[in-house]
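Reviewing the structure listed below.
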Amino acid sequence: MKIGFFQYDVIWRDRDANLAYISSKIRDSVFDLLVLPELFTSGYAFNSKEELIPFAENFNDSYTVDYLTQLMKKCGAYITGTIPELCENQLYNTSILVGAEGLVASYRKIHLPDYEKQAFSEGDKVVSCNCNNAKIGLTICFDSWFAPLSSKLRLQGSEIICHSACFGGEVTPKIIPIRALENQCFFISCNRIGTEMFDGELESYCGKSQIVNPDGKVLIKAENEEVLSIIDIELSEVNNPNFGSLIMKDFFSEHKKYDIKIKANT
């Protein structure tokens with residue numbers, strides 16, 4: 001199976017330019033699953049909720065979903081990243097998984113940092129789905145700091161966890177290999193590069209997107225430059241990792257000892 005990420009400098013407040021740029025860079029590539037950064041149609045920085053509304057989409061009639069569907073018809077693959085979603089007057093930071101058949105799954109970010117709580121409502125459902133004979137789980141940026149979410153996805157049978165992100169610090173890249181190892185599954189983390197203005201201050205994103213195998217081994221890791229990275233993996237490693245199997249033949253049974261429930265704040 002060919003999986004990958006496209007790490008790039010998201011164009012601030014220009015959905016059409018971002019979609020056209022993504023298309024120009026990936027349309028001739030061969031892959032089964034590709035991860036894009038968080039909020040790839042709008043950029044991450046905002047001063048108010050109202051600034052994001054023009055970029056928010058309802059999935060009953062989504063320009064971005066329709067655009068990516070047509071792109072995936074050419075690629076014969078699946079692509080995921082997050083966009084602002086507007087539903088019943090609530091704004092969500094939502095990961096979409098799109099194939100040639102259209103929207104396959106959507107996941108609303110559960111763990112919102114304080115900055116995002118100014119605009120977004122939190123989700124309350126853990127989402128995974130089947131595509132290309134693989135079970136895919138969806139997470140977004142700060143979600144990776146909370147082990148129960150990834151564990152819940154593993155309990156649902158996820159073999160690959162996708163992680164769209166926008167971060168500038170050093171912590172998140174260190175967490176990803178741990179999540180892959182403890183869940184004995186593949187992890188694709190896609191951050192962005194570039195800068196944005198926050199309260200008049202210029203802040204940078206660090207890149208460092210990576211793909212990690214079920215043993216926690218980093219198969220490929222970007223630095224702070226634009227990268228389209230696609231590699232071949234064997235899904236059979238999820239059930240038979242080299243290092244993990246030396247410790248225990250059945251990690252999955254250990255995960256089953258826990259009853260993990262998601263409760264949204266009200």
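Hydrogens, waters and symmetry mates play no part in the numbers below; they use all other heavy atoms, side chains included.
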**Request:** Would you please test Y44 and Y115 for ring pair (Phe, Tyr, Trp, His ring centres under 6.0 Å) and show each step?
**Result:** CA-CA 10 Å; Y44 186 82; Y115 177 76; 5.6 Å; yes
**Request:** Would you check, one step at a time, whether the test salt bridge (charged side-chain N to carboxylate O under 4.0 Å, His left out) holds for E122 with K117?
**Result:** CA-CA 8 Å; E122 64 184 27; K117 289 178 181 178; 5.6 Å; no
**Request:** Would you check, one step at a time, whether the test salt bridge (charged side-chain N to carboxylate O under 4.0 Å, His left out) holds for R154 with E182?
**Result:** CA-CA 10 Å; R154 187 69 186 101; E182 68 190 4; over 6 Å; no
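In summary, the side chains of N224 and Y205 do not present any donor paired with an acceptor at a separation below 3.5 Å, with no hydrogens or angles considered. Between the side chains of N213 and D215, no donor N or O sits under 3.5 Å from an acceptor N or O. In this model, no donor atom of one side chain and acceptor atom of the other lie less than 3.5 Å apart for T139 and H163. For the 3.5 Å distance criterion, the side chains of S189 and Q210 fail to qualify, holding no donor opposite an acceptor.
F167 belongs to no hydrophobic cluster, as no Ile, Leu, Val, Met, Phe, Trp or Tyr side chain comes under 4.5 Å of its own.
Of the listed residues (T41, L19, N18), just one forms a side-chain contact (heavy atoms from CB on, under 4.5 Å) with I11, and that residue is N18.
In this structure, the side chains of V212 and K217 stay at 4.5 Å or more apart for every pair of heavy atoms.
Between K2 and D32, none of the side-chain N atoms (NZ, or NE/NH1/NH2) sits under 4.0 Å from a carboxylate O, so this pair counts as no salt bridge. We find that E223 and K208 are not joined by a salt bridge, their nearest charged nitrogen and carboxylate oxygen being 4.0 Å or further apart.
Applying the side chain to side chain contact (heavy atoms under 4.5 Å, CB included) criterion to N93, with sequence neighbours excluded, gives E38, L39, T82, K109, E116, F120, I140.
Because its NZ or CZ atom is not both nearer than 6.0 Å to the ring centre of F55 and within 45° of the ring axis, R15 does not count as a cation-pi partner of that residue.
Within 6.0 Å of NZ in K221 there are more than 12 heavy atoms belonging to other residues, nucleotides or ligands.
Judged by distance alone, with hydrogens and angles left aside, the side-chain atoms of E57 form a donor-acceptor pair with the main-chain N or O of T64 at under 3.5 Å.
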